[in-house]
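Each chain gets a letter, A, B and so on, in the order the sequences are listed, and its residues count up from 1. Side chains are part of it too, since the values below use all heavy atoms of this structure and drop only hydrogens, waters and symmetry mates.
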Amino acid sequence: MSGDAILPNGSADPSSVGGRAKFPRSSRLLRHADFERVYKEGRRHFAAHMTVFYLRRGDPARLRVGFTVGRGLGGAVERNRMKRRLREAVRLYGVVVDAPVDVVINPKKSLLTADFADLRKDIKRAFEVIEKSVGKP
RNA sequence: CAGCUGGACCGGACGGUCGCUCGUCGCGAGACGGGAGGAAAGUCCGAACUCCGCAGAGCAGUGUGCCGGAUAACGUCCGGGAGGCCGGGUUCAAGCCCGGCCGACGGAAAGUGCCACAGAAAACAUACCGCCCCGGCCGCAAGGCCGAGGUAAGGGUGAAAAGGUGCGGUAAGAGCGCACCGCCGCCGCAGUAAUGCAGCGGGCAGGGCAAACCCCACACGGAGCAAGACCAAAUAGGGAGGGAGCCUCGGGUUCGCUCGGGGCAGGUGCCGGCUCGGCGCGUCACAACCUCCGGGUAGGUCGCUUGAGCUCCGCAGCAAUGCGUGGCCCAGAGGAAUGACCGUCCUGCGGUAGCAAUACCGCAGACAGAAUUCGGCUUACAGGUCCGGCUGCCAC
RNA sequence: GGCGCGGUACCCAAGUGGUAAGGGAGAGGUCUGCAAAACCUUUAUACGUCGGUUCGAUUCCGACCCGCGCCU
C-alpha cells in the first residue's frame, strides 16, 4: 500500500493532476468497427485483473478507451459492476496520454472482488506501457 | 412464550467529495432538478401499438374447458359448488357432522384405439382353488374318488374382477328380503347457475384411460420496436435525358413519329485562363463523359415514454373491482447512464469488559440491473414487521 | 431485446406409455518376436431437474436448469 492511493476524505489523487478528473463520452470507444480494428491490428498488455488491447490511430489526436465484458463473466449485475469500476479507475488515472491511441480493456473475473487500489495500479501500469511503446514511433 | 403453517408488506437510513446520464435555463462557463425492481429475471399467457395479409363463409390447425362475476383482454383474479387429503366428534358398522388444506374439474349409453406382467377370467364377462346338494363306488366310521348340478359369500392375481355396511335368510349362497348409504329414472322446492335438499318409483342398468385419437362448446389472420417511419456519405449497380445536326424527295402512320434515297455541316470529353496542341471517343448508335431520378448500406433522427398511470378521501359491492371529487408527474440509455470513495447511524453474528442494562472492536447486510409500454403467471430472495390458524408449556 | 431448436453412458446416436437398440472408446483373449490392423468375447454405467396425469412416464402435460441457432 503506497501512500498515494486514496486519501482519507476522498480528495483528489495526485495522479489526477489539474483537479477534477473527467471521462466524457468523447473519450470513450463506442463503435463496433473500432473495437474490431483494435482486436485485429492492436497489441496486447496483460495485467492481473485485465487484458488491455491498444492501437495507434491516425488523425484525431485523442485517447479513446472502451470496455468489453462478455457473457461468460457473470450476470448483468456483475458485468455492470466490472464496467463501472474500470471506468472509474480510468477516470481517476486521468486521461493524460496524449497520443492518438484506441484502447480496449477486457476484465477478468477476479476484477469483481479485487481491491480498488490494486485495480488503479493495474491501470496506471498499463497506460505507462502504452505510452512507452506508442508515444515515440 | 416456543414450534409449525396461511396471507399481506418492507427489503437498510441520512450526509459529504468527485464522476456519468437525461431534462430545464443560459451565447457560454455552468446552475438547478430527475435517475432501477418486487421481481427490472424467465419470456409462460393476455393486450396496446406498428407493418404485412384479408369479399364472405367453411375446412384444417392451435388453445381454453364445473358455475357466476371482474376486466381492454387472458390460460389471470374474486366468490361459490362438486371432488380429494388430514385432524376431531359420533355410529355396531358403512356412513354422517365439524374444522383446516388442496383443487387442469365438459363428454367414456357417438365411434376408434390401448390396458404389459400376473391371473381361471380384463370387457358380447368368467369359474382355478373353494363352499353346498344330489347320484354312483369304496370304507365299520370319519371321510375319499368319479359324475351331474347350484353358488359368487371366502381364497388367490391385479391398478382395476357385476355396489358398501349391518341384520335376516338359505343346502351353501346371492339385492334373495329389509334398514341405512351409494346409483338410475320421474317430480317438487331453494338458488342467476354449478348444485343442494326432500318425496315417489326401480333391486341396480355399470371397468379404466380423452395431460390417447376424438366429440361438443367457445376463442383465435401472421409477424414483431432488431416492428415500423423519415434523412442519407463512400463504393458498386439500375432508370431517364443530353451527348446524338440542317435541308430536300418518297413510303408508312395511332399524326407522337418512323423507314429509305440524296446534299450540306464537322462534333465531343479530358489537360488548359484562352488559342494552338496532345490524348481518348464518336459520325446514325450498347460510346466516353455530363445532368437528373429512384431503390438502398454505413451512419443519423423519430418511434421513446402521460399511461387501460399513481394516489388521498367518499360511495357501491362478501370480494376481485368499479364510479366520483381533489392531488401528483415518477429513468429513458443505445459498446448501453444510475457509479467510486468516505463519515454517522440501524440490524445480525463473534470477541473483550461487566451481576446486568450497556460500552468498545471486528465481520456481514439477500435475490438481483430498466431497454416499446401495460395486465398477469412462474421462478430467485439475508433479515425484519403486521394479521390469522393449529399444537405444546407457563401464569391468571 | 425478440424469435426458434435441442438435452439418452466417456463420445456419437436410434427409439417408444410397460423390456432402452447400435457403433466407437474401455477391459479380456486370438494372432505377433513385440506392436498396429483384423477377428472373438464382455462388464458396468445413461433418458437434464422437480412436480402432475396414468395402475405404470425416457415418452404425455406444466414449471425450472443448461447448451445452440436466427433477426442487428
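By the ring-ring contact (aromatic ring centres under 6.0 Å, His included) test, A:F53 pairs with A:Y39, sequence neighbours left out. Evaluation of the side chain to side chain donor-acceptor pair (under 3.5 Å) rule for A:T51 yields no partner, not counting sequence neighbours. Checked against side chain to side chain donor-acceptor pair (under 3.5 Å), A:R85 has no partners two or more places apart in sequence or in another chain. Applying the salt bridge (Lys or Arg N to Asp or Glu O under 4.0 Å) rule to A:R84 yields no partners; only residues at least two apart in sequence or on another chain are considered. Scanning for salt bridge (Lys or Arg N to Asp or Glu O under 4.0 Å) contacts around A:R64 gives A:D34, A:D102, with sequence neighbours left out.
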Identify every side-chain donor-acceptor pair in residues 41-49 of chain A under 3.5 Å, counting partners at least two apart or on other chains, and give the distances.
unit_1	atom_1	unit_2	atom_2	d
A:H49	ND1	A:S110	OG	2.8

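Glycosidic conformation of C:A20 is anti; the angle lies outside 90° of 0.
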Do any N or O atoms of the protein come closer than 3.5 Å to N or O atoms of nucleotides 64-72 of chain C, and which pairs are they?
none

Short heteroatom pairs, N/O only, protein and nucleotides 32-36 of chain B, under 3.5 Å:
unit_1	atom_1	unit_2	atom_2	d
B:A36	N1	A:R84	NH2	3.4

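Judged by atom type and distance alone, A:R91 reaches the base of B:C18 through a side-chain donor-acceptor pair under 3.5 Å.
Computed from coordinates, the A:R31 CZ to B:G299 C1' distance equals 7 Å when rounded to whole Å.
A:R91 and A:K22 get closest at one heavy-atom pair: CG-C, 3.9 Å.
Annotation for A:V77: hydrophobic cluster partners, listed by chain and number, are none (ILVMFWY side-chain heavy atoms under 4.5 Å, direct or chained).
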